[in-house]
Amino acid sequence: MKRKLVYLLLILAIPISVLAQTTTARRDANRYGYRPDLIRGPYLQVATPNSMMVRWRTNELDVGFVRYGTNPEQLDQLAGNSSRTKEHIVTLTGLKPLTKYYYMIEGFKDTLQYDKNNHFTTLPKVGEINKYRIGVFGDCGTSSTNQINTRIEFEKYLGDDPLTAWILLGDNAYSFGTDAEYQANFFNSYKDNLLKKAPVFPAPGNHDYRDEPYAAEIAQRSGEVAYYQVFNMPTKGEAGGVPSHTPSFYSYDIGNVHFLSLDSHGSEDRGSRLFDTTGRQVKWVIEDLEKNKNKDWIVVYWHHPPYSMGSHNSDTETQMVKIRENFIKILERYGVDLVLCGHSHSYERSKLMQGHYGKENTFSEDKHLLSKSSGAYNGTANSCPYIKDASNKGTVYVLSGSAGRVDHKQVTFPHDAMPFSDVTVGGACMLEVEGNRLDLKWITSTGEIKDQFTMMKDVNKKVVINAEKGETVTLKASYIGNYKWSGTNKTTQSIDVKPGLGVTKYTVIDPQNCLQDEFEVNVVKK
């Protein structure tokens, strides 16, 4: 009875014109025997602070509506249209930033799909500080046991925390990126949770191009490559960054993090590729990075890695060699913090490094590492976070290509620049960003966190504060973590003090003795 009452209230909240459309469509459905079924989705695309695209597919021509709201018992808003199609794309607009919305999708059969996982949270305002969680899946579309177990363990780690977004590092559907393979190996694998709740921002791999050297612009026009048919990208700058005007590469913002998704396999403007530094894509990359220098964090991802000795060899394979020799120095020049790739079916990760553009045997720890710490920040020896100072130099390179399957390795595995490496088990990554702290964790298909690192900026501060006698002064640590304040038993990030006349010094450190802020409070008479 309660459900009927709620549904009646929802109907009363819908404009008469919209109700007329849906009523007519359903009358026609009954008259002509239409009974469309949901066969793909729903899944979320092109997220912004104020909008969300919802996509799904039906087996027959159908109308498409999304009923949504901030209260699961009162989905009082409706978007969509009565045009009949099998591919349904509905954009919800006028949404509030960083707000949780519940939704159901409807067609001829009233509710096509609705359950407890039909909800999403809009992206935050650009620059807003909060805690963001971004999933990272590389080479995932295999329909293997490893793929399923990796998804299960990733979801276990996430628990009830919201996933802000997730990114794909290419080779999203094996072996030739066909629509049928996308259905079997991607959509069917992630449909019950991740696809419903968090927007996906993909990058293409060679298998998304049928494992052939297709030109991206030809593939888009002809429709031969399913990747460009099943995904929508923010190409107009609507999610942040410089408009790319092509779904092959694009950028977007999540709070204080700027992302660039690139295409390392396709080609454009007479055959230029990612490693052609005068090509259209690289010109756009430079323009985008130039105009986003003010972002706290910059993350760039694509398919072919510059460093790998997993199932692919970065010393011998042309695309990987040329990307390393010609392209990554541009990213390093702009202070890119993190590079994510796939392609090799392994996990491989560097320390904070810069300036290595040659073969593996030319890598030198003394020359190319800015930190020799593991960065794990877990209390083990030599594991302090990577600290980026005012120069903003240094990049961590992560290859996470085993969300689908694990493959063989090269004789020289691991690559000298990628000491934290594993080809024995598959997994996916969780990127967590909060303020000036960035963490990445590799979550395996067995549920272990087998690698992790932390990076921080603008920490280890020395602050001088002038105050008057009797004034309460608030001291706040520059980092996010755990705290030990000198002279007190406080363990919070901020403390209030009321020192006497003269100079009083305070320090705050983390339990691992990696970070320290110093405060000098100078109190004078009024």
Side-chain angles (χ1 to χ4, degrees), residues 43-54 66 68-71 76-77 79 90-103 119-136 158 160-167 194 196-202 232-244 249-261 287-301 334-338 340 388 392 430-440 455-459 476 478-480 493-494:
Y43 59 106
L44 306 173
Q45 300 271 265
V46 195
T48 79
N50 303 110
S51 64
M52 184 72 73
M53 179 183 290
V54 184
V66 179
Y68 63 101
T70 55
N71 184 341
D76 54 2
Q77 300 181 69
V90 178
T91 299
L92 315 182
T93 59
L95 308 181
K96 297 178 181 179
L98 207 60
T99 300
K100 187 174 183 178
Y101 286 86
Y102 301 85
Y103 70 97
H119 58 79
F120 61 81
T121 299
T122 48
L123 296 190
K125 293 179 180 178
V126 175
E128 183 173 343
I129 303 297
N130 211 305
K131 185 162 187 177
Y132 307 118
R133 300 171 183 84
I134 297 95
V136 182
L158 185 64
D160 294 328
D161 292 328
L163 184 65
T164 312
W166 53 310
I167 63 181
L194 295 178
K196 290 181 184 178
K197 295 163 66 173
V200 58
F201 292 91
N232 293 82
M233 294 72 164
T235 63
K236 301 176 183 178
E238 62 267 52
V242 174
S244 66
F249 49 88
Y250 57 94
S251 61
Y252 56 97
D253 294 312
I254 296 179
N256 62 332
V257 191
H258 187 63
F259 291 87
L260 290 83
S261 172
E287 181 184 5
D288 187 84
L289 292 176
E290 187 69 35
K291 292 184 177 180
N292 285 279
K293 290 180 178 179
N294 62 329
K295 300 299 165 57
D296 291 344
W297 298 100
I298 298 181
V299 178
V300 185
Y301 59 98
Y334 281 96
V336 168
D337 302 297
L338 176 62
L340 303 168
K388 296 193 74 174
N392 203 30
M430 180 71 79
L431 176 63
E432 299 173 328
V433 181
E434 184 175 6
N436 61 346
R437 173 171 175 162
L438 179 152
D439 294 86
L440 184 137
M455 190 185 302
M456 294 186 181
K457 294 183 178 182
D458 199 27
V459 295
K476 183 177 181 180
S478 64
Y479 63 91
I480 294 172
Q493 186 177 9
S494 297

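One-based numbering along the sequence shown.
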Show the nearest heavy-atom pair for residues [X] and [Y], with the distance to one decimal.
X: Thr70; Y: Thr99; result: CG2-CG2, 3.9 Å
X: Lys476; Y: Ser494; result: CG-OG, 3.2 Å
X: Ala165; Y: Ala198; result: CA-CB, 4.2 Å
X: Ser251; Y: Gly241; result: OG-CA, 3.3 Å
X: Ile480; Y: Gln493; result: CG1-NE2, 4.3 Å
X: Val300; Y: Val336; result: CG2-CG1, 3.7 Å

In chain order, what residues pass the salt bridge (Lys or Arg N to Asp or Glu O under 4.0 Å) check against [X], with sequence neighbours excluded?
X: Lys293; result: Glu290
X: Glu128; result: none
X: Lys96; result: none
X: Lys197; result: none

I'd like to know if the side chain of [X] reaches the main chain of [Y], judged simply by a donor and an acceptor atom lying under 3.5 Å from each other, with no hydrogens or angles considered.
X: Ser261; Y: Tyr250; value: no
X: Thr93; Y: Ser51; value: no
X: Asn256; Y: Ile129; value: no

At what distance, to the nearest 0.5 angstrom, does [atom1] of [X] lie from [atom2] of [Y]?
X: Leu92; Y: Phe120; atom1: CG; atom2: CZ; value: 5.0 Å
X: Tyr101; Y: Leu95; atom1: OH; atom2: CG; value: 4.5 Å
X: Glu434; Y: Tyr132; atom1: CD; atom2: OH; value: 9.5 Å
X: Asn294; Y: His258; atom1: CG; atom2: NE2; value: 9.5 Å
X: Asp296; Y: Lys388; atom1: CG; atom2: NZ; value: 11.5 Å
X: Ile254; Y: Lys295; atom1: CD1; atom2: NZ; value: 11.5 Å

Can you find a heavy atom in the side chain of [X] that is under 4.5 Å from one in the side chain of [Y]?
X: Leu431; Y: Ile167; value: no
X: Leu440; Y: Leu340; value: yes
X: Pro202; Y: Met233; value: yes
X: Trp297; Y: Leu338; value: no
X: Val54; Y: Tyr68; value: no
X: Tyr103; Y: Leu44; value: yes
X: Thr91; Y: Met53; value: yes
X: Met430; Y: Leu163; value: yes

Applying side chain to side chain contact (heavy atoms under 4.5 Å, CB included), can you list everything that pairs with [X], at least two apart in sequence or on another chain?
X: Pro97; value: Pro49, Asn50, Lys125
X: Glu238; value: Val46, Thr48, Pro234, Lys236
X: Val200; value: Gln45, Trp166, Leu168, Phe231
X: Lys100; value: Tyr102, His119, Thr121

- Would you please name every residue forming a side chain to side chain donor-acceptor pair (under 3.5 Å) with Lys457, sequence neighbours left out?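 Listed in chain order: Asp337, Asn392.
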
- Message: Test of understanding: with side chain to side chain donor-acceptor pair (under 3.5 Å), list the residues that count as partners of Lys131, not counting sequence neighbours.
- Response: none

- Contacts of type ring pair (Phe, Tyr, Trp, His ring centres under 6.0 Å), residue Tyr479, not counting sequence neighbours: Tyr483

- Query: What residues, two or more places apart in sequence or in another chain, satisfy ring pair (Phe, Tyr, Trp, His ring centres under 6.0 Å) together with Phe259?
  - Reply: Tyr252

- Item | Verdict with reasoning, Arg437 to Val459, per side chain to side chain contact (heavy atoms under 4.5 Å, CB included) | CA-CA 10 Å; Arg437 173 171 175 162; Val459 295; over 6 Å; no

